[in-house]
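Structure first, commentary second.
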Amino acid sequence: MPNGPANKKLSEAITKTLPFLRRYARAVTGSQQRGDEWVRLCAEVAVRQPELIQGAEDTKLGVFALFHRLQQPFGSLEQGSDAASVSGRLKESLTEMAPLQRQVLLLTVLEGFTVADAAHILGIDVDKAEHSLQEARRELQRVASVRVLVIEDEAVIALDVADIVRNAGHEVVGIAATEKAAVELAKKHSPHLVLADIQLRGSDSGISAVKEILQSATVPVIFVTGYPERLLTGTRLEPAFVISKPFDPDLLRAAIAQALDTVSI
């Protein structure tokens, strides 16, 4: 990449988009490793050939569009699920959702792009993107109910999260504000899914609580944080699915559908 203030500024802008691209790539593939591999390729190409994204309305839009242009020759980003596994069985009602529908859903509800932006990123027309989004929403309404453990130390937020989980058609088996309570509730209720805040009360950590839970159980995990860019650095073993506070029911439904087939931290 040639030197110069403009190119340096573009390089810095690209770097700022990478945590969000990692989040999306991990969500759509269900794997930190696979998602991060695609992100590294995209970042390398973007830095070496900045002209590929310079024509975009903003850097994030350009980087996401480049990301999908790079993976198209290699087929779908998504991996098939094992229908005989627990996660496959829980996701059975979502198996008809096409990769395009998932991608439009995640681009809009997870990354906050407009439908028009999602259409640009995926190289399709707006009508097709809108149709795919509506189809995705209909499929999400069919997801089987799962047992969810909420790990959150702020009482008001915890109750709001629990309401969203219930309104999305799932059962809240418990709310834990500490690592100890989280581990005890997980042993007692064997949740299908854990929804955990990153930072808990005092020195307690949601990540530490989840690591202890995973020593005795295999359960997919969704982490929530107000600062996803601080977590998604790509430099260490990290969660495969991270969503930002606040989040809406559609995002939670999409997160659950993907996380049920994800190997967590």
Side-chain angles (χ1 to χ4, degrees), residues 20 23-24 26-28 30 87 90-91 93-94 97 101-115 118 133-179 181-182 185-186 188-201 204-207 209-210 213 219-229 231-232 239-262 264-265:
F20 304 101
R23 175 172 63 179
Y24 171 72
R26 293 175 186 183
V28 82
S87 63
L90 290 169
K91 286 182 64 180
S93 62
L94 289 172
M97 185 184 292
Q101 294 172 9
R102 291 183 185 271
Q103 290 163 6
V104 173
L105 182 71
L106 290 170
L107 286 169
T108 52
V109 303
L110 180 64
E111 296 304 330
F113 287 109
T114 65
V115 175
L133 179 59
Q134 296 307 317
E135 287 294 314
R137 291 183 190 279
R138 279 192 284 271
E139 290 295 335
L140 286 176
Q141 298 298 322
R142 299 168 53 202
V143 66
S145 177
V146 298
R147 298 193 303 273
V148 181
L149 170 61
V150 176
I151 305 176
E152 169 63 65
D153 66 325
E154 295 288 343
V156 174
I157 296 176
L159 292 175
D160 286 343
V161 170
D163 283 343
I164 292 175
V165 171
R166 294 188 185 100
N167 290 335
H170 304 292
E171 176 189 359
V172 177
V173 296
I175 298 175
T178 65
E179 291 180 20
L185 285 170
K188 180 179 180 180
H189 296 288
S190 300
H192 295 132
L193 181 77
V194 174
L195 184 62
D197 193 1
I198 299 296
Q199 183 61 52
L200 301 178
R201 189 172 301 161
D204 277 13
S205 162
I207 293 179
V210 166
I213 290 170
V219 57
V221 180
I222 300 169
F223 281 101
V224 294
T225 175
Y227 306 95
E229 67 277 10
L231 181 67
L232 299 169
F241 208 110
V242 178
I243 60 178
S244 303
K245 291 180 179 180
F247 54 88
D248 63 25
D250 282 334
L251 176 52
L252 182 61
R253 289 178 187 273
I256 289 173
Q258 293 297 95
L260 286 173
D261 208 27
T262 295
S264 304
I265 67 176

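For the single chain, residues carry numbers from 1 onward in sequence order.
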- Side chain of His170, backbone of Val165: donor and acceptor closer than 3.5 Å? no

- Criterion side chain to side chain contact (heavy atoms under 4.5 Å, CB included) against Leu149, the qualifying member of Leu193, Ile213, Ile175: Ile213

- Note on the structure: Nearest heavy-atom contact between Ala176 and Ala181 is CB-C, 3.8 Å

- Query: Which pair of non-hydrogen atoms, one from Ile151 and one from Ala209, has the smallest distance, and what is that distance?
  - Reply: CD1-CB, 4.5 Å

- Message: Using every non-hydrogen atom in the two residues, find where Ser205 and Glu179 come nearest and quote the distance to one decimal.
- Response: N-OE2, 2.7 Å

- Task: Give, for atom NE2 of His192 and atom CZ of Arg147, the distance between the pair rounded to the nearest 0.5 Å.
- Result: 4.0 Å

- Smallest separation among heavy atoms of Val224 and Leu195, with atom names: CG1-CD1, 3.8 Å

- Query: How many angstroms lie between atom CD1 of Ile157 and atom CG of Asp160, to the nearest 0.5 angstrom?
  - Reply: 7.5 Å

- Message: Can you confirm whether Leu185 sits close enough to Val173 that some side-chain heavy atom of one is under 4.5 Å from a side-chain heavy atom of the other?
- Response: no

- What is the minimum heavy-atom distance between Arg23 and Ser244, and which atoms define it? NH1-OG, 2.5 Å

- Item | Atom pair CG/CD1 of Leu159 and Ile164 - distance to nearest 0.5 Å | 11.5 Å

- Task: Tell me, please, which residues at least two apart from Asp153 pass side chain to side chain contact (heavy atoms under 4.5 Å, CB included).
- Result: Ala177, Asp197, Leu200, Arg201

- Measure the CD-CG distance between Glu111 and Leu105 for me, rounded to the nearest 0.5 Å. 11.5 Å

- What's the shortest heavy-atom distance between Ala186 and Pro191, and which atoms? O-CD, 3.6 Å

- Supply the atom-to-atom distance Arg26 CZ to Leu106 CG, rounded to the nearest 0.5 angstrom. 14.5 Å

- Quick one: does Glu154's side chain have a donor or acceptor within less than 3.5 Å of a partner on Val156's backbone? no

- Query: What's the spacing between Gln103 CD and Thr108 OG1 if we round to 0.5 Å?
  - Reply: 11.5 Å

